[in-house]
Amino acid sequence: MHISPMKKVLSVCLFILLMISALPFFITYVDRQYTGIDSLQSTLQKFEQIVPKSATVYYFSGDKDCAGITSGQNIIYPQSEYKTSFMIQFILAPRIVTIMNYQDIPPESFILIDQQKDSIVNTKRNTGQIFDSSDSLLSVCDGKYYFTLLKKKR
Amino acid sequence: MILIAVLLCILSFYILIDKHLSVGNVLLKLSLAYFFCFSLLSLLYICILFLGINFIVFQIILIIIPIIFLLNQIRKKAFRKPRIPDLSGLSFPLLIIIFLCILIFTVIFFLSTKRWGAGDAWQIWTLHAKFLVYKVEFANLFGKDMIFSHADYPLMLPGFIAMVWRSLGTFSSAVPMMVAYINGALLILMLFASFYEKKFTMLSVIVMAILTCPPVLFPYLSSQYSDTLLAVFILVTFILMEHIPEKKQGLSLFMIGFFSASCGWIKNEGLAFFVIFTLFFIIKHFRNINKIKFYLAGIVFPLLVVVIFKIVYAPSNDLIAGQSGNYLAKLFDVSRYITIMKFLINVTVALHCQMMYILLASILIINYRYFYSFSFAVIFILLTVYFFVYVFTPLNLNYHLYSSYDRLLHHVFPALMYTVFLSAAEKFKKKNVLMTS
């Protein structure tokens with residue numbers, strides 16, 4: 001099939017135009033996905049306004065032995081909490097999100113605790129000490145978890 | 001504002017390449033200009049962040065300088081007369097195949113990619129980008145308390161994304177996604193363009209069709225990781241090596257230096273590539289100091305930024321910090337070699353590996369001289385370095401192999417494919433098999 005060079009160039013231009021016009025559709029298709037990050041982000045939105053950008057946030061999962069309060073050991077994060085801590089780090093950036101022994105947290109630091117709604121007994125045992133020695137600043141629920149922002153007392 | 005600056009910069013570099021490089025292909029010139037700007041803007045953005053320079057001023061300068069350059073070119077009438085791109089080598093059915101390849105690539109990319117990308121994309125690269133948007137708090141990224149954020153990783157991809165985010169004033173997930181799409185698409189198109197430029201028309205279409213197949217470059221291509229960007233820069237370095245003009249080689253050699261050093265600004269593995277490539281480049285051209293001078297001039301800026309970043313800001317790398325000093329014990333530990341070899345045998349079922357072995361076996365039969373070539377030497381030594389990183393790794397060996405081996409192959413696969421196909425094509429050149437459509 002012989003086609004003149006000009007027609008070939010025109011078909012290339014037409015194809016490029018077609019691709020450019022299709023791109024917004026593709027971008028919207030992916031951009032409208034609702035991921036775990038987006039869900040958590042809408043929950044933690046208010047926290048971002050309270051915690052200064054340069055602050056460090058100490059994160060604990062209330063379902064686990066919080067920073068070794070009962071066992072004296074650092075928590076070993078299973079995959080799901082590990083992922084949540086990364087998500088929180090991503091959402092709260094440029095704030096530093098870190099995990100360490102509760103006893104080592106400096107006074108007046110921000111503490112973020114997640115608690116599963118269904119395991120209040122465990123949560124109370126694990127996080128009781130943290131709640132007792134901190135001021136509660138804000139608590140939000142995303143349906144499955146309570147997220148509480150605390151500030152350690154002096 | 002930054003998008004206008006990026007477009008103006010690409011246009012300026014396109015004109016510069018058009019004037020000084022003996023490349024006729026519009027697509028190839030455009031791709032080279034894009035990646036040159038990508039690296040340069042990322043480096044400049046990190047510089048202004050480290051130095052505390054105002055971002056608005058930076059954007060204005062980025063717009064003014066290319067405009068002055070373009071106006072100067074217009075005044076001097078230095079533009080080449082626009083010509084219709086030469087598509088004479090392509091028959092219409094081949095053109096349709098190319099369109100189909102691009103369309104298939106696009107559909108697969110957007111169907112397989114995710115908002116915020118795969119795990120490592122948002123846990124490392126996009127996370128770093130988010131820090132780099134803030135003019136003061138970016139330093140938090142390099143604090144010791146961050147959870148496994150790999151803050152020692154170089155910042156080309158995060159730097160570019162952060163620059164666009166800061167200019168747009170929003171953390172849109174479309175930015176890292178489009179960057180990954182453009183990089184992936186240009187990787188394939190650049191391979192096509194380079195073969196087409198060398199008049200291997202049929203081969204250019206075959207290579208494009210192979211690379212569009214989902215298991216070859218995906219899922220890394222759509223993961224939004226930095227690995228594809230590193231694969232592109234390694235490939236660009238080899239493509240430029242194949243397109244050095246006979247006369248006026250200055251800009252070409254400068255760009256080779258710039259792209260090879262830029263690899264070290266993408267990932268730590270890129271630093272290994274840069275060192276090996278530079279070593280071989282100097283050995284190859286040790287009689288021609290002029291060539292080495294132009295090459296070294298190209299590496300100065302990216303290398304300077306990488307060195308400052310590594311010395312001043314980056315925390316120590318986990319592989320280096322975790323070393324307990326028992327190097328000799330690890331070097332002579334046969335069980336480590338057995339574990340690695342067992343793993344290598346097991347992974348040969350992956351298409352990536354099969355294709356690499358088939359490529360190497362085929363070229364051994366078609367043109368065994370490839371194994372003496374500059375490109376093979378660089379790739380082989382790079383893979384050897386990767387091998388010894390596994391031997392000395394402080395991490396669990398099996399975990400380290402499983403989590404990184406595939407992506408290391410992804411870094412070198414496009415460059416290996418390009419150089420193997422080119423070597424085979426040149427062997428067949430006389431027979432004129434691959435040159436006609």
Side-chain angles (χ1 to χ4, degrees), chain A residues 1-16 18-20 22-38 41 52-59 77 79 81-100 104-105 109, chain B residues 26-27 84-88 90-96 98-100 102-103 106-107 109-117 119-124 126-149 171-175 177-178 181 185 222:
Chain A
M1 193 194 313
H2 181 73
I3 284 186
S4 69
M6 199 58 198
K7 277 185 183 168
K8 281 183 195 171
V9 173
L10 277 175
S11 60
V12 171
C13 293
L14 198 70
F15 179 74
I16 292 170
L18 195 79
M19 288 302 294
I20 291 172
L23 273 180
F25 165 76
F26 285 121
I27 294 168
T28 318
Y29 168 76
V30 181
D31 208 38
R32 283 175 69 178
Q33 290 171 0
Y34 197 69
T35 63
I37 296 172
D38 301 304
Q41 185 154 31
K53 285 192 178 81
S54 56
T56 300
V57 177
Y58 297 91
Y59 165 70
Y77 275 75
Q79 199 59 38
E81 271 91 46
Y82 195 64
K83 200 176 173 185
T84 310
S85 64
F86 275 124
M87 280 186 185
I88 292 170
Q89 182 161 268
F90 180 69
I91 292 160
L92 294 185
R95 299 152 190 91
I96 299 168
V97 176
T98 192
I99 309 158
M100 65 193 286
D104 300 333
I105 296 175
S109 298
Chain B
V26 176
L27 192 57
I84 298 170
D86 179 24
L87 298 173
S88 55
L90 281 174
S91 64
F92 195 66
L94 278 184
L95 210 57
I96 296 292
I98 293 165
F99 292 164
L100 274 176
I102 299 169
L103 196 67
T106 305
V107 171
F109 179 89
F110 284 103
L111 286 181
S112 59
T113 197
K114 284 187 284 187
R115 183 171 150 83
W116 298 118
D120 273 5
W122 60 265
Q123 283 168 25
I124 299 174
T126 326
L127 173 77
H128 291 186
K130 214 171 165 191
F131 275 90
L132 296 175
V133 168
Y134 298 91
K135 60 181 177 184
V136 179
E137 293 83 7
F138 79 90
N140 288 359
L141 173 63
F142 310 111
K144 60 179 172 51
D145 291 331
M146 293 281 292
I147 315 168
F148 307 118
S149 71
F171 294 107
S172 168
S173 69
V175 175
M177 183 171 62
M178 280 311 291
Y181 172 72
S222 55

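The chains referred to below are lettered A, B, ... by the order of the sequence lines, with proteins before strands, and numbering in each begins at 1. Values in this document were obtained by computation on a predicted structure and should not be read as measured data. Keep in mind that the numbers below use all heavy atoms, side chains included, and drop hydrogens, waters and symmetry copies.
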For A:L18, is it the side chain, the backbone, both or neither that has a heavy atom under 4.5 Å from a heavy atom of chain B?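 No part of A:L18 comes within 4.5 Å of chain B.
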Pairs of heavy atoms under 4.5 Å with chain A: top-ranked of [options]:
| options | result |
| --- | --- |
| B:V133, B:L103, B:L141, B:T126 | B:T126 |
| B:V107, B:L132, B:I102 | B:I102 |
| B:A139, B:S172, B:S173, B:G119 | B:S173 |

Checking the side chain of [X] only, and the main-chain atoms of [Y] only, is there a donor and an acceptor separated by less than 3.5 Å?
| X | Y | result |
| --- | --- | --- |
| B:N140 | A:P94 | yes |
| B:R115 | A:D31 | yes |
| B:K130 | A:I91 | yes |
| B:E137 | A:K53 | no |

Separation of [Y] [atom2] from [X] [atom1] (nearest 0.5 Å):
| X | Y | atom1 | atom2 | result |
| --- | --- | --- | --- | --- |
| A:Q41 | B:F171 | CD | CZ | 9.0 Å |
| B:T113 | A:Q33 | OG1 | CD | 8.0 Å |
| A:I27 | B:M178 | CD1 | CE | 4.0 Å |

Heavy-atom closest pair, residues [X] and [Y]:
| X | Y | value |
| --- | --- | --- |
| A:A93 | B:F131 | CB-CE1, 3.6 Å |
| B:F99 | A:S11 | CZ-O, 3.7 Å |
| B:K114 | A:V30 | C-CG1, 3.7 Å |

Part of B:F138 lying under 4.5 Å from any heavy atom of chain A: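 When you check distances to chain A, no heavy atom of B:F138 falls under 4.5 Å.
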Please flag which part of B:W122 lies under 4.5 Å from any non-hydrogen atom of chain A: side chain, backbone, both or neither.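 It is both, since atoms from each part get that close.
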As a test of understanding, state which of A:F26, A:Y29, A:F25 forms a ring pair (Phe, Tyr, Trp, His ring centres under 6.0 Å) with B:F110.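 By the ring pair (Phe, Tyr, Trp, His ring centres under 6.0 Å) criterion, B:F110 pairs with just one of A:F26, A:Y29, A:F25: A:F26.
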Any side-chain heavy atom of B:L127 sitting closer than 4.5 Å to one from A:F86?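 Result no, sub-4.5 Å side-chain heavy-atom pair not found.
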Is any side-chain heavy atom of B:I98 closer than 4.5 Å to one of A:F15?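 Contact flag for A:F15/B:I98 side chains = no.
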